[in-house]
Undergrad: 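Before I ask anything, here is the structure I am working with.
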Amino acid sequence: MTKGFVAITGASSGIGEATANYFLEKGHNVLLLARRIERLEKFQGEQVRIAKVDVTDEAALKSAIQQAADKFGPIQAMINNAGVMLLGDVANQSSDEWKTMFDVNVLGLLKGMQAVLPSMIERKTGTIINVSSIAGKKTFTDHAAYVGTKFAVHSMSENVREEVAKHNVRVITIAPGVVETELLGHTTSDEIKSGYNEWKNSIQGGLSPQTVAETIYFAFSQPQNVNIREIVLAPTMQVG
C-alpha cells in the first residue's frame with residue numbers, strides 16, 4: 001500500500017536540500033522540485049522523483065505533483081521552500097528585483113498551496129509547510145522589499161490555515177533567522193553582502209540548514225490533529 005509523498009520546492013540547495021535528505025532518511029517518498037535540475041540528480045532511488053520546475057510556472061508545478069501522485073499516491077505534505085532574497089535600498093534598488101522576489105516568494109508560494117489544497121481538502125488530511133523568515137516578523141536595513149514578501153508569507157499562511165482548518169488540513173509557517181545557505185548570493189550589492197557577512201560573523205554564524213530541516217520534520221511529524229502553527233528559530237546570539 002502506497003505511503004504517499006512529500007513535495008519540496010527549492011530542493012537543490014540549502015534548507016530544501018537538507019529537508020529532502022532528512023525526509024528520505026525518515027523513509028518518505030519525495031518529489032523534489034527546482035530550477036537547477038542538475039543539482040537534483042544526486043537524489044536516486046525508488047523513493048524519489050525530481051522535476052525541473054520554476055514555482056512561478058503554475059502548469060508545470062501542478063503537472064509534477066500529479067505525476068508524483070500517480071506514482072506514490074496522495075500528497076502528504078507540500079513544503080513551499082523556494083525563495084529569493086535580493087537585498088537593497090529602496091531608494092535605488094531595481095524594481096526588477098522587487099518583481100522577482102514577489103513572483104517567487106509570494107505568487108510562487110500561493111501557486112504551491114493551490115496546487116495541493118483541492119486534494120487535501122477532499123481527503124480531509126494534509127499539511128502545507130511554508131518556509132518564511134524572521135523577516136516576516138520584523139524589519140531589517142536593506143530588506144524592505146524582501147521583508148514585504150515574507151510578511152506576506154506569514155499573513156497568507158495564517159489566513160489559509162483558518163480557511164482549511166475545518167477540513168483537517170494543517171498550514172505551518174517556519175521562520176528561520178540567518179541560515180548558512182546560498183541565499184545572500186542573489187544580492188547584487190557587494191557592499192550589502194559584505195555588511196551582512198560581517199554581522200553574521202559577529203554572531204558566530206547562522207543556523208545549519210540541517211537544523212531547519214529537523215524543525216520542519218518535527219512540525220510535520222505531529223499527529224494530524226495537532227498543528228504547530230508557527231516556529232521561529234534563530235542563532236542564540238541573533239538579537240533581531
Side-chain angles (χ1 to χ4, degrees), residues 3-11 14-33 55 65 74-83 105-106 108-110 112-117 119-138 147 149-181 183 206-236 238 240:
K3 295 168 57 178
F5 70 101
V6 173
I8 305 168
T9 68
I15 294 170
E17 180 183 13
T19 302
N21 280 316
Y22 200 64
F23 272 77
L24 282 167
E25 286 174 17
K26 294 294 184 178
H28 292 273
N29 299 317
V30 297
L31 168 63
L32 307 181
L33 307 171
V55 293
I65 289 168
I75 186 165
Q76 297 171 305
M78 179 67 174
I79 301 173
N80 289 307
N81 166 73
N105 299 358
V106 179
L109 182 134
L110 281 170
M113 290 196 287
Q114 188 182 68
V116 300
L117 275 173
S119 165
M120 290 180 176
I121 289 169
E122 180 182 2
R123 292 181 290 113
K124 303 295 183 186
T125 189
T127 303
I128 292 173
I129 299 177
N130 293 330
V131 179
S132 184
S133 167
I134 202 167
K137 299 184 70 66
K138 67 181 303 296
V147 160
T149 69
K150 292 303 183 178
F151 266 70
V153 170
H154 270 74
S155 58
M156 293 187 308
S157 300
E158 176 60 11
N159 205 113
V160 175
R161 183 198 65 76
E162 293 174 1
E163 292 171 355
V164 301
K166 64 187 177 185
H167 301 294
N168 196 43
V169 175
R170 303 183 297 184
V171 179
I172 297 166
T173 305
I174 305 293
V178 61
V179 184
E180 296 291 349
T181 72
L183 204 58
L207 296 171
S208 161
Q210 178 69 20
T211 297
V212 184
E214 291 171 5
T215 303
I216 290 170
Y217 191 83
F218 168 75
F220 165 77
S221 65
Q222 302 307 305
Q224 188 65 30
N225 69 336
V226 176
N227 188 2
I228 299 176
R229 300 178 183 182
E230 180 180 320
I231 299 177
V232 182
L233 65 157
T236 300
Q238 181 175 346

Undergrad: Identify, with sequence neighbours excluded, every residue that meets side-chain hydrogen bond (donor to acceptor under 3.5 Å, both in side chains) alongside Glu122.
TA: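 Not a single residue meets the side-chain hydrogen bond (donor to acceptor under 3.5 Å, both in side chains) criterion with Glu122.
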
Undergrad: Partners of Lys138 by salt bridge (charged side-chain N to carboxylate O under 4.0 Å, His left out), sequence neighbours excluded?
TA: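 Here no residue qualifies.
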
Undergrad: Can you name the ring pair (Phe, Tyr, Trp, His ring centres under 6.0 Å) partners of Phe23, sequence neighbours left out?
TA: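 Residues passing ring pair (Phe, Tyr, Trp, His ring centres under 6.0 Å) with Phe23: His28, Tyr217, Phe220.
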
Undergrad: Considering residues at least two apart in sequence or located in another chain, which fulfil the side-chain hydrogen bond (donor to acceptor under 3.5 Å, both in side chains) criterion with Gln210?
TA: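 Here the qualifying residues are Glu214.
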
Undergrad: Given 3.5 Å as the limit, does a donor-acceptor pair link the side chain of Ser119 with the main chain of Val116, or not?
TA: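 Here the side-chain-to-backbone pair does not exist.
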
Undergrad: Could you list the residues that satisfy salt bridge (charged side-chain N to carboxylate O under 4.0 Å, His left out) with Glu158, not counting sequence neighbours?
TA: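 Testing Glu158 for salt bridge (charged side-chain N to carboxylate O under 4.0 Å, His left out), a comparison that skips the adjacent residues, returns Arg161.
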
Undergrad: By the salt bridge (Lys or Arg N to Asp or Glu O under 4.0 Å) test, which pairs, at least two apart or in different chains, include something from residues 168-178?
TA: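 Of all non-adjacent pairs touching residues 168-178, none passes salt bridge (Lys or Arg N to Asp or Glu O under 4.0 Å).
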
Undergrad: Given the rule in the side chain to side chain donor-acceptor pair (under 3.5 Å) test, do Asn80 and Thr9 qualify, once you have shown the distances and angles that lead to the verdict?
TA: CA-CA 5 Å; Asn80 289 307; Thr9 68; 4.5 Å; no

Undergrad: Does Lys3 use its side chain to pair, donor to acceptor, with the backbone of Gly27 at less than 3.5 Å?
TA: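 Indeed, once roles are kept as given, a pair shorter than 3.5 Å links the two residues.
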
Undergrad: Side chain of Asn168, backbone of Lys124: donor and acceptor closer than 3.5 Å?
TA: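 Yes, because the side chain of Asn168 sits within donor-acceptor range (under 3.5 Å) of the backbone of Lys124.
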
Undergrad: Sequence neighbours excluded, which residues qualify as side-chain hydrogen bond (donor to acceptor under 3.5 Å, both in side chains) partners of Thr215?
TA: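 side-chain hydrogen bond (donor to acceptor under 3.5 Å, both in side chains) check on Thr215 returns nothing, list empty.
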
Undergrad: Would Ser132 and His154 count as having a side-chain donor-acceptor pair, cut-off 3.5 Å?
TA: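 Note: Ser132 and His154 side chains meet the donor-acceptor criterion.
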
Undergrad: Does a side chain donor of either Asn130 or Thr173 reach within less than 3.5 Å of an acceptor in the other side chain?
TA: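 No, because no side-chain N or O of Asn130 sits under 3.5 Å from a partner of the opposite role on Thr173.
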
Undergrad: Return the set of residues passing side-chain contact (heavy atoms from CB on, under 4.5 Å) with Ala11 (not counting sequence neighbours), or none when no residue passes.
TA: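 With sequence neighbours excluded, Ala11 shows a side-chain contact (heavy atoms from CB on, under 4.5 Å) to Ile8, Leu32, Leu40, given in chain and number order.
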
Undergrad: Please confirm whether the backbone N or O of Val131 pairs with a side-chain atom of Asn81, one donor and one acceptor, at under 3.5 Å?
TA: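 No, because the side chain of Asn81 does not come within donor-acceptor range (under 3.5 Å) of the backbone of Val131.
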
Undergrad: In chain order, what residues pass the side-chain hydrogen bond (donor to acceptor under 3.5 Å, both in side chains) check against Asn159, with sequence neighbours excluded?
TA: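 Listed in chain order: Glu163.
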
Undergrad: Can you tell me which residue pairs pass the salt bridge (Lys or Arg N to Asp or Glu O under 4.0 Å) test with a partner in residues 215-233, sequence neighbours excluded?
TA: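 Listed by first then second residue: Lys137-Glu230.
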
